[in-house]
**Q** 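Dumping the structure here so I can ask a few things about it.
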Amino acid sequence: MRSIRAALLAAIFAPAVLAVAGPAAGAQNPFTSPEDIQLGRQLYELDCANCHGGDARGGRGPDLTRGTFRHATNDEQLFQVVRFGIPGTEMPRRVRTDPRAWRVVAYLRSLGSDGEIPPGDPQRGREIFFGSGTCSTCHVVDGQGTMQGPDLTTIGYQRSLDHLRTSLLEPDSELDPRWWGAQVETLDGAQASGYLLGNDLHTVRLLDIEGNLLSFPKASLARFEPEKTSRMPSFDGMLSPEDIDNMIAYLASLRGEATQ
């Protein structure tokens, strides 16, 4: 009797254990029909669009339309990322069941890759980035530069070519709120400016150009002016079209691997 009871319990709980563990290595997506892809799109919009954008071309999270993923080279690995997140990153465990995760994978695979190859010269683009473009005065690549703007070490994974071009030519058009700035003046005449880290009912917090965290009680301020524009200048007219292409080619090559 005890052995039969044990067998029944094993049969009941084995599927639950498998569901927690995820699919076997090399598993194929069982949900790839047009209906599954459409449902995957709806699930993506519910669970993923807030970070990756409604069109999956990136936002707080990377562009997912290019067909290549930093943490996944096959469908089973992509399932693991979608289902369980990536520990140590901002990618959370959010999609709640295996079928939902597989359908999101099917939708992402349906987006494919745009197949675009940057026409410019990455080496020339790197020379501009660290030279005449003065980009490293605000950005870091592989530990070189400063953190006054976003770290660009993996930007080639995170953004499409169209996004990179827009960022160079129209930096205000897609500015992440994390990089909004602000200027303040206290009642005794002291002034400060920097990135706006926080703004609540009582306090304004800034990160200044030297990396100092500044906090001001709102009751002490005579002036507080948020700046929802980029501190990065437009390169339209500053660089030739050829050098814009070179810069885009360099940025697209940045995938977290050491560069020369």
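Counting from 1, the numbers follow the sequence of the chain as shown. Since this is a predicted model, take the numbers as computed values, not measurements.
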**Q** Measure the CZ-CG distance between Arg126 and Asp121 for me, rounded to the nearest 0.5 Å.
**A**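 Going from the CZ atom of Arg126 to the CG atom of Asp121 covers 12.5 Å.
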**Q** Take the angle between the ring planes of His139 and Phe129 and call it parallel below 30°, perpendicular above 60°, tilted in between.
**A**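 The rings of His139 and Phe129 sit tilted, inter-plane angle from 30° to 60°.
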**Q** Is any side-chain heavy atom of Leu254 closer than 4.5 Å to a side-chain heavy atom of Val141?
**A**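 The answer is yes; the side chains approach within 4.5 Å.
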**Q** Assigning hydrophobic clusters by single linkage (Ile, Leu, Val, Met, Phe, Trp, Tyr; side-chain heavy-atom cutoff under 4.5 Å), is Leu214 placed with Phe224?
**A**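 Yes, one cluster joins them.
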**Q** Rounded to the nearest 0.5 Å, how far does CD of Glu242 lie from CD1 of Ile244?
**A**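 Ile244 CD1 to Glu242 CD: 11.0 Å, rounded to 0.5 Å.
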**Q** Going only through I, L, V, M, F, W and Y residues with side-chain contacts under 4.5 Å, is there a path from Leu206 to Trp180?
**A**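 Different clusters: Leu206 never reaches Trp180 through Ile, Leu, Val, Met, Phe, Trp or Tyr contacts under 4.5 Å.
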**Q** Can you tell if the side chain of Arg109 reaches within under 4.5 Å of the side chain of Thr32, non-hydrogen atoms only?
**A**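 They are not in contact (no side-chain heavy atoms under 4.5 Å apart), so the answer is no.
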**Q** Answer yes or no: is there an ion pair linking Arg57 with Asp162, defined by an N-O contact shorter than 4.0 Å?
**A**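 A salt bridge is absent here (no side-chain N lies under 4.0 Å from a carboxylate O).
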**Q** A side-chain contact here means heavy atoms from C-beta on lying under 4.5 Å apart; do Leu207 and Leu196 qualify?
**A**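 No, their side chains stay 4.5 Å or more apart.
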**Q** Can you tell if the side chain of Asp98 reaches within under 4.5 Å of the side chain of Arg83, non-hydrogen atoms only?
**A**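 Of all side-chain heavy-atom pairs linking Arg83 with Asp98, at least one is under 4.5 Å.
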**Q** Can you check whether Ile248's main-chain N or O pairs, donor with acceptor, with Arg165's side chain at less than 3.5 Å?
**A**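 It does not hold such a pair.
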**Q** Decide whether Ile37 and Leu108 are clustered together by the hydrophobic rule: side chain heavy atoms of Ile, Leu, Val, Met, Phe, Trp, Tyr closer than 4.5 Å, transitively.
**A**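 Yes, Ile37 connects to Leu108 through the hydrophobic network.
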**Q** Within 45° of the ring axis of Phe84 and under 6.0 Å from its six-membered ring centre, is that where the NZ or CZ of Arg94 lies?
**A**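 The answer is no; the distance or angle limit is not met.
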**Q** Kindly determine whether Glu35 and Ser33 satisfy side chain to side chain donor-acceptor pair (under 3.5 Å), including the steps that lead there.
**A** CA-CA 5 Å; Glu35 292 78 11; Ser33 71; 3.3 Å; yes
**Q** Hey, are Gln183 and Gln191 close enough side-chain-wise for a donor-acceptor pair under 3.5 Å?
**A**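 On atom types as modelled, these side chains do not qualify, holding no pair under 3.5 Å.
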**Q** Where do Asn199 and Lys218 land on the side-chain contact (heavy atoms from CB on, under 4.5 Å) test, with the steps shown first?
**A** CA-CA 9 Å; Asn199 174 25; Lys218 282 192 170 178; 2.7 Å; yes
**Q** Which atoms form the tightest heavy-atom contact between Pro171 and Ser230, and what is the distance?
**A**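 Closest pair (atom of Pro171, atom of Ser230, distance): O-CB, 3.7 Å.
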**Q** Is Ser136 close to Thr146 at the side-chain level, that is, under 4.5 Å between some pair of heavy atoms?
**A**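 Sidechains of Ser136 and Thr146: no contact.
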**Q** Kindly compute the distance separating CE (Met91) from SG (Cys51), expressed to the nearest 0.5 Å.
**A**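 Nearest 0.5 Å value for the CE-SG distance: 8.5 Å.
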**Q** Please tell me if the side chains of Val204 and Leu221 come closer than 4.5 Å, counting only heavy atoms from C-beta onward.
**A**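 With C-beta onward as the side chain, the pair touches.
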**Q** Walk me through it: do Phe79 and Trp102 pass the test ring pair (Phe, Tyr, Trp, His ring centres under 6.0 Å)?
**A** CA-CA 6 Å; Phe79 166 90; Trp102 277 125; 4.5 Å; yes
**Q** Measuring from Tyr44:OH to His52:NE2, what's the distance to the nearest 0.5 Å?
**A**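 Spacing of OH (Tyr44) from NE2 (His52) equals 6.5 Å.
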**Q** Is the CD atom of Glu45 crowded by more than 12 outside heavy atoms at less than 6.0 Å?
**A**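 For Glu45, atom CD is crowded (more than 12 foreign heavy atoms under 6.0 Å).
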**Q** Are the side chain of Arg231 and the backbone of Gly194 linked by a donor-acceptor contact shorter than 3.5 Å?
**A**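 A pair under 3.5 Å: yes.
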**Q** Carefully, step by step, assess Ser167 and Phe235 under the rule side-chain contact (heavy atoms from CB on, under 4.5 Å).
**A** CA-CA 9 Å; Ser167 295; Phe235 285 96; over 6 Å; no
**Q** Heavy-atom count check: over 12 atoms from other residues, nucleotides or ligands less than 6.0 Å from Asp55 CG?
**A**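 Enclosed.
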**Q** For the residue pair Arg60 and Asn50, establish whether any side-chain heavy-atom pair is separated by less than 4.5 Å.
**A**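 Sidechains of Asn50 and Arg60: no contact.
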**Q** Check whether more than 12 heavy atoms from other residues, nucleotides or ligands sit under 6.0 Å from atom NZ of Lys228, and answer yes or no.
**A**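 Count not over threshold, so no.
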**Q** Show the nearest heavy-atom pair for residues Val95 and Ala101, with the distance to one decimal.
**A**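 It is CG1-N, 3.4 Å.
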**Q** Flag yes if Tyr195 and Val184 sit in one hydrophobic cluster, no otherwise; membership is Ile, Leu, Val, Met, Phe, Trp, Tyr, and two members link when side-chain heavy atoms are under 4.5 Å apart.
**A**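 Per the 4.5 Å side-chain linkage, Tyr195 and Val184 are not co-clustered.
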**Q** Is any side-chain heavy atom of Tyr250 closer than 4.5 Å to a side-chain heavy atom of Phe130?
**A**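 The answer is yes; the side chains approach within 4.5 Å.
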**Q** Are Leu39 and Val82 linked, directly or through other ILVMFWY residues, by side chains that come within less than 4.5 angstrom of each other?
**A**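 Yes, Leu39 and Val82 fall within the same hydrophobic cluster.
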**Q** Taking atom CG of Asp172 and atom OG1 of Thr166, what is their separation to the nearest 0.5 Å?
**A**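 That separation rounds to 12.0 Å.
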**Q** Nearest 0.5 Å please: distance from the OG1 atom of Thr134 over to the CE atom of Met238.
**A**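 If I round to the nearest 0.5 Å, the distance is 6.5 Å.
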**Q** What pair of heavy atoms forms the shortest contact from Met247 to Cys135, and how long is it?
**A**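 Residues Met247 and Cys135, closest heavy atoms: CE-SG, 3.5 Å.
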**Q** Examine distances only and state if a side-chain atom of Asp243 and a backbone atom of Asn246 form a donor-acceptor pair shorter than 3.5 Å.
**A**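 Not at all, since once roles are kept as given, no pair shorter than 3.5 Å links the two residues.
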**Q** Where do Thr203 and Phe216 land on the side-chain contact (heavy atoms from CB on, under 4.5 Å) test, with the steps shown first?
**A** CA-CA 6 Å; Thr203 309; Phe216 301 90; 5.8 Å; no
**Q** Please confirm whether the backbone N or O of Asp142 pairs with a side-chain atom of Thr153, one donor and one acceptor, at under 3.5 Å?
**A**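 Flag set: sc Thr153 to bb Asp142 pair under 3.5 Å.
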**Q** Go through the side-chain N and O atoms of Ser234 and Asp236 and say whether any donor and acceptor fall under 3.5 Å apart.
**A**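 No - no donor-acceptor pair under 3.5 Å links their side chains.
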**Q** Indicate the atoms forming the closest heavy-atom contact of Glu185 with Gly189, along with that distance.
**A**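 Smallest heavy-atom distance, with atoms named: OE2-CA, 4.0 Å.
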**Q** For Thr186, is there any backbone N or O sitting under 3.5 Å from a side-chain donor or acceptor partner on Ser220?
**A**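 Not at all, since once roles are kept as given, no pair shorter than 3.5 Å links the two residues.
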**Q** Hey, are Arg100 and Asp47 close enough for a salt bridge, meaning a charged N less than 4.0 Å from a carboxylate O?
**A**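 The answer is yes: the pair qualifies as a salt bridge.
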**Q** Starting from the C-alpha separation in whole Å, work towards a yes-or-no answer on side-chain contact (heavy atoms from CB on, under 4.5 Å) for Ile155 and Leu164.
**A** CA-CA 9 Å; Ile155 195 68; Leu164 295 176; 3.8 Å; yes
**Q** Check Arg205 with Asp200, please: is the shortest side-chain N to carboxylate O separation under 4.0 Å?
**A**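 Between Arg205 and Asp200 there is a salt bridge, with a charged N closer than 4.0 Å to a carboxylate O.
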**Q** Locate the shortest heavy-atom distance separating Ala56 from Asp63; write the atom from each residue and the value.
**A**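 Result for this residue pair: O-OD1, 3.2 Å.
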